[in-house]
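Counting convention: from 1, in listed order, for ligands and their atoms alike.
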Amino acid sequence: MSHPFLDLAPLTAERFASIEQRVAALLHTDADVLVMQGEALLPLEGCIRSAARPGSTALNVVTGPYGQTFGGWLRDCGATVVDLEVPYDTAASAGLVAKALADHPETGLVSLVHAEAATGNTNPVAEIGPLVREHGALLMVDAVASVAAEPLLTDAWGVDLCVVGAQKAMGGPAGVSAVSVSDRAWERIRANPQAPRRSYLSLLDWKERWIDTGRTVLPHAPAQLEMLALEACIDRIEADGLDTVVARHRAASAATRAGVRAMNEQGDEGLRPYVGEDREAAPAATTLRAPASADARALVTTALAAIDSDGARPLPLAAGGGALAREMLRVNHYGPDASLSTVLRCLDGLAASLKASGLPADAGAATTAAETAWAVSAG
Ligand SMILES: *Cc1c(COP(=O)(O)O)cnc(C)c1O
């Protein structure tokens with residue numbers, strides 16, 4: 001029996017390399033780009049274990065759960081970690097980073113999440129990057145939730161290690177990811193005796209066996225289905241235009257935030273954007289704060305039941321993760337869900353859910369405000 005996923009022709013080295021080149025274009029980088037054969041946690045951990053060494057100092061900017069994870073890996077590598085934590089409903093700033101670097105001049109590595117889907121904030125990498133470069137430290141950025149949702153200018157911003165995954169705004173597979181590595185980053189990784197070698201986490205293995213030999217022979221059998229899916233999603237982004245895809249995400253964020261605010265105009269018993277400042281809100285996903293009297297998980301369940309998805313994509317609503325499950329809702333309007341129709345259906349579902357809990361919600365006002373915000377944002 002034949003099947004579209006089975007008995008595939010081998011993926012050639014040439015095709016693998018061409019996918020890497022096209023990812024580099026999405027990242028606006030001339031640095032080496034490696035497509036890694038695993039979910040984005042693979043290059044994220046690989047970067048930290050490659051760049052951090054015992055006795056070094058790392059500044060870890062924490063704006064959500066991923067920053068917390070990075071801090072654990074950095075400590076595990078023997079680095080002295082300075083955590084710069086800001087409230088998760090805000091973002092880091094260049095001023096805070098500049099102060100931390102001045103207080104800890106020995107800092108050799110800065111880890112920073114660009115956008116956090118889990119908390120819904122986005123950090124000003126454009127402003128932080130040049131400061132880190134001037135200081136002489138390496139900058140690692142987790143751009144999984146920002147690539148294709150907002151501008152990502154890896155080289156212009158001075159990002160040395162930029163990690164992306166395809167599963168958010170790119171609308172692609174979760175099983176492969178990519179990292180760009182600057183020349184300065186390679187130098188420091190090569191000089192780190194503790195950097196993983198002959199390991200699944202190793203960036204150096206790929207550098208030596210793949211990049212430095214002209215990308216002609218793949219070191220291992222590639223994750224073929226995921227590579228094909230990544231290629232297809234890049235095809236689609238290129239066809240739509242990266243700027244258009246980015247603009248759709250920005251409009252989805254603006255429309256969701258405006259809709260929620262209008263829904264709740266009469267009082268404070270309703271939903272509110274979790275991240276208060278628009279400029280600190282991630283375009284990929286909007287987080288909302290549930291009213292004190294309601295549980296976010298129950299609101300999501302009722303909202304999903306209120307809107308008939310008619311066999312189409314389910315609404316991209318979820319409660320927050322971990323400790324935020326009770327107070328936070330997420331509207332994950334990324335990829336194909338960065339559309340006005342999905343945003344409007346999410347707002348309808350949320351309004352119905354609030355009303356079912358006896359809370360005020362103006363669905364009509366939400367729709368009007370979201371449509372207007374979408375139109376203004378999309379120009
Ligand atoms: C989504 C995301 C990832 C990848 O995590 P998954 O839960 O596997 O999708 C990594 N970093 C950040 C900042 C993210 O938002």
- Query: Does the pair Asp89/Arg272 count as a salt bridge with the N-to-O cut at 4.0 Å?
  - Reply: no

- So is Ala115 in contact with ligand 1, going by heavy-atom distances below 4.0 Å? yes

- Message: Closer than 4.0 angstrom, basic N to acidic O: yes or no for Glu327 and Arg289?
- Response: yes

- In ligand 1, which numbered atoms sit nearer than 4.0 Å to a non-hydrogen atom of Asp142? 10 (C), 11 (N), 12 (C), 13 (C)

- Task: Can you figure out which of Gln167, Glu116, His114, Lys168 has its heavy atom closest to atom 15 (O) of ligand 1?
- Result: Lys168

- Task: Could you tell me whether Glu134 atom CD has more than 12 heavy atoms of other residues or ligands within 6.0 Å of it?
- Result: no

- Item | Salt bridge flag under 4.0 Å for residues Asp240 and Arg236 | no

- Under 4.0 Å from one or more heavy atoms of Val113, ligand 1 contributes atoms 13 (C)

- Task: Determine, for Asp337 against Arg345, whether the closest basic-nitrogen to carboxylate-oxygen distance falls under 4.0 angstrom.
- Result: no

- Message: Geometry only, no angles: is Leu44 polar-contacting ligand 1 at N/O separations under 3.5 Å?
- Response: no

- Message: Among all protein heavy atoms in this structure, tell me which lies nearest to atom 6 (P) of ligand 1, with the distance rounded to 0.1 Å.
- Response: Glu39 OE2, 3.4 Å

- Task: Report the part of Ala40 (side chain from C-beta onward, or backbone N, CA, C, O) that has a heavy atom under 4.0 Å from ligand 1; answer both or neither where that applies.
- Result: neither

- Query: Given Thr286 and His333, is the side chain to side chain donor-acceptor pair (under 3.5 Å) satisfied, shown in steps?
  - Reply: CA-CA 7 Å; Thr286 300; His333 44 65; 2.6 Å; yes

- Which residue owns the protein heavy atom closest to atom 7 (O) of ligand 1, what's the atom, and how far is it? Tyr66 OH, 3.2 Å

- Counting only heavy atoms, which portion of Ala174 has something under 4.0 Å from ligand 1: side chain, backbone, both, or neither? neither

- Item | Exceeds 12 heavy-atom contacts within 6.0 angstrom, atom CG of Asp235 | yes

- Item | Per-atom contacts, ligand 1 versus Ala145 - under 4.0 Å to a heavy atom | 15 (O)

